[in-house]
Amino acid sequence: MNFKSLRGMRDILPEEIRTWQFIEETAKKLLEIYNFKEIRTPILELSELFLRSIGEESDIVEKEMYLFEDKKGRKIALRPEGTASVVRAYIQNALFNHPFPQKFYYLGPMFRYERPQKGRYRQFHQIGVEVFGISTPSVEAELLCLLKDFFSILKIEGLSFEINSLGCKKCRPLYKENLNSYLKNKAPNLCSDCKRRLVKNPLRVLDCKVSECREALKDNPLIIDYLCEDCINHLENLKKELKILEIDYVINPKIVRGLDYYTGTVFEVTTNMLGSQNAVAAGGRYDELVQLLGGHPTPAAGFAIGMERLVEICKQTLILEPEKSLVYIAFAGRNEEKEAKRLVRLLRQKGIKTEAPYEYVSLKNQLKKADRLGVKWVLIVGEEELKKGKYRWKNMKESTEGEAGIEDILSMLEEIK
RNA sequence: GCGGAUGUAGCUCAAAGGUUAGAGCACUGGACUGUGGCUCCAGGUGCUGCGGGUUCGAAUCCCGUCAUCCGCCCCA
């Protein structure tokens, strides 16, 4: 029986991991500078949490969640995204008792049962951030600024920052009314999914990409024309802040987002480097979610970055620092093996990356191995040198060699630490 | 969930219905038991993704299935 990884799930091998680690370390450093704190939440949650937050009508909940029952018959889901869990944790742990704003970041696997494609996997990873307790647009400005700084450190260019507002409790109903009457006329021309959405969640009809729907909705009313004064001011103030921070953006009234908890500002960051899976980060404000999940009314906003897509871009643009170089210990004969093992340990204790043969082979083969490993420094433990209390060193790149005591050797190796 | 393309060795690819499915690279060992790179030699249980069918004969043709990639959809 040959086992293969599940569809849409993949192994990330050492070669690629270095890019992951670089991105993760870069993110953590920057997030700490922006005063975000890491939070780790479970991968499993009650499925109800996602039904309530993401929305029963969303594609994610409707057809993409990994669901199962545990031994007690509880309905469990593998998390399809991070925000719901963080909000749950925020409420459960009464984190609102700390001074506002509360700023969190997380990093980990998410699961959606989708048709896999490049840049779209069933297990994928997100770096996400959430800010609780502040309702001013400075939060969104800070989030967008963070994204811009992050991508700029990673030397990613050709990004587009797109922004929209979805309105609030006050203005959205009026818009929905207008939209509803507009959609009613168009109903016969809509796809079957949308006919159903029409009743339960008309906003999502705008998000439909089926061509017949797009055609029917060419001149649909846009939320951005129905915003109340507060929402208009919010958006205008955000624009001002973005100008101060010198962040280029475009207003895209078509952005709706696939998760129902968004209110007010939403945004997407897309790239021209990825083909059709081109969204590399997205987020927005969700001022009603905390209350919806049982907490005190708390304004909040956040975003998530897609790691796989970011890694894909960074593999093209980033030049990683070379790995720490390896020192190879060879020994001339079986009698020197013990001494070689002691030397390996000593070097490792000094923080030097060291490798040695696990069993005796000819010195020639040891050197051949060292060469194939691409090492620069080889230390040879041999009978004659040991008598003098020395080791033989060999610089494979420059083809030089000599004898030296351990202290001299350690200082020679300083350069590679 | 829909449409299309592709699946041969670790990798890149040959073999266009006819011996025992090959080559380069990579890998392992040897020639060379105290010195690597060059050279030469040797080393493959590849169920030709899997299962069925057609045929005297299938990597090759047909059907199914699984997987990957591309587009749709979805989204990060």
Side-chain angles (χ1 to χ4, degrees), chain A residues 1-2 4-10 13 54 58-65 80-83 107-129 147 191-194 204 207-214 255-259 266-271 274-284 302-313 328 330-336 360-386 392-401 403:
Chain A
M1 178 77 175
N2 263 328
K4 280 197 251 173
S5 61
L6 260 27
R7 184 167 165 81
M9 315 257 168
R10 61 192 202 113
L13 302 175
I54 301 171
S58 65
D59 279 16
I60 294 175
V61 164
E62 218 170 42
K63 37 197 179 193
E64 294 173 2
M65 280 220 289
E81 59 109 37
T83 301
L107 191 158
M110 308 292 164
F111 301 84
R112 290 182 202 171
Y113 196 91
E114 296 185 271
R115 179 102 169 208
Q117 228 179 85
K118 203 179 194 70
R120 189 173 78 185
Y121 302 95
R122 289 183 175 177
Q123 175 174 340
F124 63 101
H125 298 76
Q126 290 187 334
I127 301 176
V129 316
L147 281 169
C191 73
S192 58
D193 274 346
C194 283
R204 293 203 46 78
D207 207 26
C208 188
K209 307 292 194 308
V210 176
S211 56
E212 48 196 292
C213 294
R214 289 212 124 166
I255 295 180
V256 177
R257 312 264 56 238
L259 299 86
V266 289
F267 52 85
E268 287 182 7
V269 182
T270 56
T271 165
L274 284 178
S276 82
Q277 306 303 322
N278 66 351
V280 67
F303 67 71
I305 300 170
M307 272 300 281
E308 278 77 2
R309 292 175 191 180
L310 193 52
V311 168
E312 201 56 41
I313 299 172
Y328 200 81
F331 43 100
R334 288 177 205 282
N335 295 336
E336 288 77 44
Y360 176 76
V361 292
S362 69
L363 183 59
K364 184 177 196 62
N365 280 329
Q366 294 181 54
L367 287 165
K368 194 182 273 188
K369 171 85 83 181
D371 187 49
R372 293 203 176 152
L373 290 171
V375 311
K376 179 173 178 188
W377 294 104
V378 175
L379 300 180
I380 300 168
V381 183
E383 196 182 356
E384 296 159 31
E385 292 85 353
L386 278 183
R392 181 156 282 273
W393 58 264
K394 187 170 168 71
N395 182 328
M396 301 289 275
K397 305 282 181 207
E398 291 164 20
S399 291
T400 52
E401 61 177 279
E403 288 177 10

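Since this is a predicted model, take the numbers as computed values, not measurements. Chain identifiers are assigned alphabetically (A, B, ...) following the order of the sequence lines, protein sequences preceding nucleic acid strands; residue numbering begins at 1 within each chain.
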Enquirer: Assign each of A/Ile380 and A/Asn278 to its nearest nucleotide of RNA chain B by heavy atoms, then name whichever residue's nucleotide is nearer the 5' end.
Expert: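 Nearest nucleotide further toward 5': that of A/Ile380.
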Enquirer: Closer than 4.0 Å, any side-chain N/O of A/Arg372 to the OP1 or OP2 of B/U28?
Expert: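 So the side-chain polar atoms of A/Arg372 do come within 4.0 Å of the phosphate oxygens OP1 or OP2 of B/U28, strictly under.
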Enquirer: P atom, B/U6 versus B/G10: distance in rounded Å?
Expert: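 The same atom, P, in both gives a distance of 23 Å.
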Enquirer: What is the separation between atom CD on A/Glu398 and atom C1' on B/U35, rounded to the nearest whole Å?
Expert: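 Whole-Å distance recorded here is 17 Å.
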Enquirer: Describe the nucleic acid contact of A/Gly283 in one word from base, sugar-phosphate, nothing, applying a heavy-atom distance below 4.0 Å.
Expert: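 The answer is nothing, as A/Gly283 stays clear of every strand by at least 4.0 Å.
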Enquirer: For B/C69 and A/Arg120 - does any side-chain N or O of the residue sit under 4.0 Å from the phosphate oxygens OP1/OP2?
Expert: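 Result: no.
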Enquirer: Nearest whole angstrom, please: distance from the P of B/U68 to the CZ of A/Arg115.
Expert: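 To the nearest whole Å, that distance equals 10 Å.
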Enquirer: Distance check needed: B/C75 P versus A/Glu308 CD, whole Å only.
Expert: 17 Å
Enquirer: Send over the distance from A/Arg334 CZ to B/U33 P, rounded to a whole Å.
Expert: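 Result: 13 Å.
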Enquirer: Kindly compute the distance separating OG (A/Ser5) from CD (A/Gln123), expressed to the nearest 0.5 Å.
Expert: 10.5 Å
Enquirer: Step through the shown structure and confirm whether more than 12 heavy atoms of other residues, nucleotides or ligands are within 6.0 Å of OH on A/Tyr113.
Expert: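 At most 12 heavy atoms, drawn from other residues, nucleotides or ligands, come within 6.0 Å of this atom.
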Enquirer: Between C1' on B/C11 and CG on A/Leu13, what's the gap in Å once rounded to a whole number?
Expert: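 Between C1' of B/C11 and CG of A/Leu13: 14 Å.
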Enquirer: Looking at A/Arg392 and A/Glu384, is there a salt bridge between them, counting it only when a charged N and a carboxylate O are closer than 4.0 Å?
Expert: no
Enquirer: With a non-hydrogen cut-off below 4.0 angstrom, is A/Gly8 in contact with a base, only sugar-phosphate, or nothing?
Expert: sugar-phosphate
Enquirer: Measure from NZ or CZ of A/Arg112 to the centre of the six-membered ring of A/Phe124 and say whether it is under 6.0 Å with the direction within 45° of the ring axis.
Expert: no
Enquirer: Where is the tightest heavy-atom contact between A/Ala279 and A/Arg309, given as atom of each residue plus distance?
Expert: O-NH1, 2.8 Å
Enquirer: For the CD atom on A/Glu383, are there more than 12 heavy atoms of other groups (residues, nucleotides or ligands in this structure) within a distance under 6.0 Å?
Expert: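 Open.
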Enquirer: Of all the nucleotides listed (B/C70, B/A76, B/G34), which has the minimum atom distance to the side chain of A/Arg392?
Expert: B/G34
Enquirer: Taking all non-hydrogen atoms of both residues, which atom of A/Val361 and which atom of A/Gln366 are closest, and how far apart?
Expert: O-NE2, 3.0 Å
Enquirer: Work out how far the P atom of B/G44 is from that of B/G18, and round it to whole angstrom.
Expert: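 That atom pair is separated by 27 Å.
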Enquirer: Could you work out the separation of B/U39 and B/G34 based on their P atoms and round it to a whole Å?
Expert: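 Approximately 25 Å lies between the P atom of B/U39 and that of B/G34.
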Enquirer: Look through every strand shown and name the nucleotide pairing with B/U12 as Watson-Crick or G-U wobble, where both distances are under 3.5 Å.
Expert: B/A23
Enquirer: Taking B/C62 as the reference, what is the distance to B/U68 when you measure between their P atoms (whole Å, please)?
Expert: 24 Å
Enquirer: Who is the Watson-Crick or G-U wobble partner of B/A42, with both distances under 3.5 Å?
Expert: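 Pairing partner: B/U28.
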Enquirer: Any idea which of B/C74, B/A76, B/G37 is nearest the A/Glu64 side chain?
Expert: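 Taking heavy atoms from C-beta onward, the closest nucleotide is B/C74.
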Enquirer: Under 4.0 Å, counting only non-hydrogen atoms across every strand here, what does A/Ala370 touch: a base, just sugar-phosphate, or nothing?
Expert: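 Nothing, no heavy atom under 4.0 Å.
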Enquirer: To the nearest Å, how far apart are A/Arg257 CZ and B/C73 P?
Expert: 16 Å
Enquirer: Check whether the side chain of A/Ser362 and the base of B/G34 form a donor-acceptor pair under 3.5 Å.
Expert: no
Enquirer: Side chain of A/Tyr360 only, please: which of B/G34, B/G36, B/C74 is the nearest?
Expert: B/G34
Enquirer: Provide the distance between the two C1' atoms, one in B/G17 and one in B/C61, to the nearest whole Å.
Expert: 8 Å
Enquirer: Can you say whether a donor on the side chain of A/Glu401 sits under 3.5 Å from an acceptor on the base of B/U35, or the other way round?
Expert: yes
Enquirer: Could you tell me whether the phosphate oxygens of B/U68, OP1 or OP2, come under 4.0 Å of any side-chain nitrogen or oxygen in A/Arg7?
Expert: yes
Enquirer: Reading RNA chain B from 5' onward, which residue's closest nucleotide shows up sooner: A/Tyr113 or A/His125?
Expert: A/Tyr113
Enquirer: For B/A67 versus B/C50, give the span between their C1' atoms, rounded off to a whole number of Å.
Expert: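 To the nearest whole Å, 10 Å.
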Enquirer: Take the protein atom CG of A/Asp371 and the nucleotide atom C1' of B/C27, then report the distance between them rounded to whole Å.
Expert: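 In whole Å, B/C27 C1' lies 15 Å from A/Asp371 CG.
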Enquirer: Applying the Watson-Crick and G-U wobble criteria at under 3.5 Å, what pairs with B/G51? Answer none if nothing qualifies.
Expert: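 Because both required distances fall under 3.5 Å, B/G51 counts as paired with B/C63.
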Enquirer: Between the side-chain atoms of A/Glu385 and the base atoms of B/G34, is any donor-acceptor pair under 3.5 Å?
Expert: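 Checked by distance alone, the answer is yes.
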Enquirer: With rounding to the closest Å, how many angstrom separate the C1' atoms on B/G53 and B/A58?
Expert: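 To the nearest whole Å, 11 Å.
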Enquirer: Given B/G36, is OP1 or OP2 found less than 4.0 Å from the side-chain N or O atoms of A/Asn365?
Expert: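 Checking B/G36 against A/Asn365, no side-chain N or O comes under 4.0 Å of OP1 or OP2.
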Enquirer: Looking only at the side chain of A/Arg309 (C-beta and beyond, no hydrogens), which of the listed nucleotides B/A31, B/C75, B/U35 gets closest?
Expert: B/C75
Enquirer: Going by purine N1 to pyrimidine N3 plus the second Watson-Crick contact, or the G-U wobble pair, all under 3.5 Å, which nucleotide sits opposite B/C69?
Expert: B/G4
Enquirer: Considering only atom C1', compute the distance from B/A14 to B/G7 and round it to an integer number of Å.
Expert: 16 Å
Enquirer: Base, sugar-phosphate alone, or nothing: which one does A/Glu268 contact when heavy atoms must sit under 4.0 Å apart?
Expert: nothing
Enquirer: Would you say a side-chain N or O of A/Gln117 is under 4.0 Å from OP1 or OP2 of B/G71?
Expert: yes
Enquirer: Between B/A31, B/G34, B/A76, which nucleotide gets closest to the side-chain atoms of A/Leu363?
Expert: B/G34
Enquirer: Within the side chain of A/Glu336, is there an N or O that forms a donor-acceptor pair under 3.5 Å with the backbone of A/Gly333?
Expert: yes
Enquirer: How close or far is atom C1' of B/C75 from atom CD of A/Glu81, stated in whole angstroms?
Expert: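 The answer, rounded to whole Å, is 11 Å.
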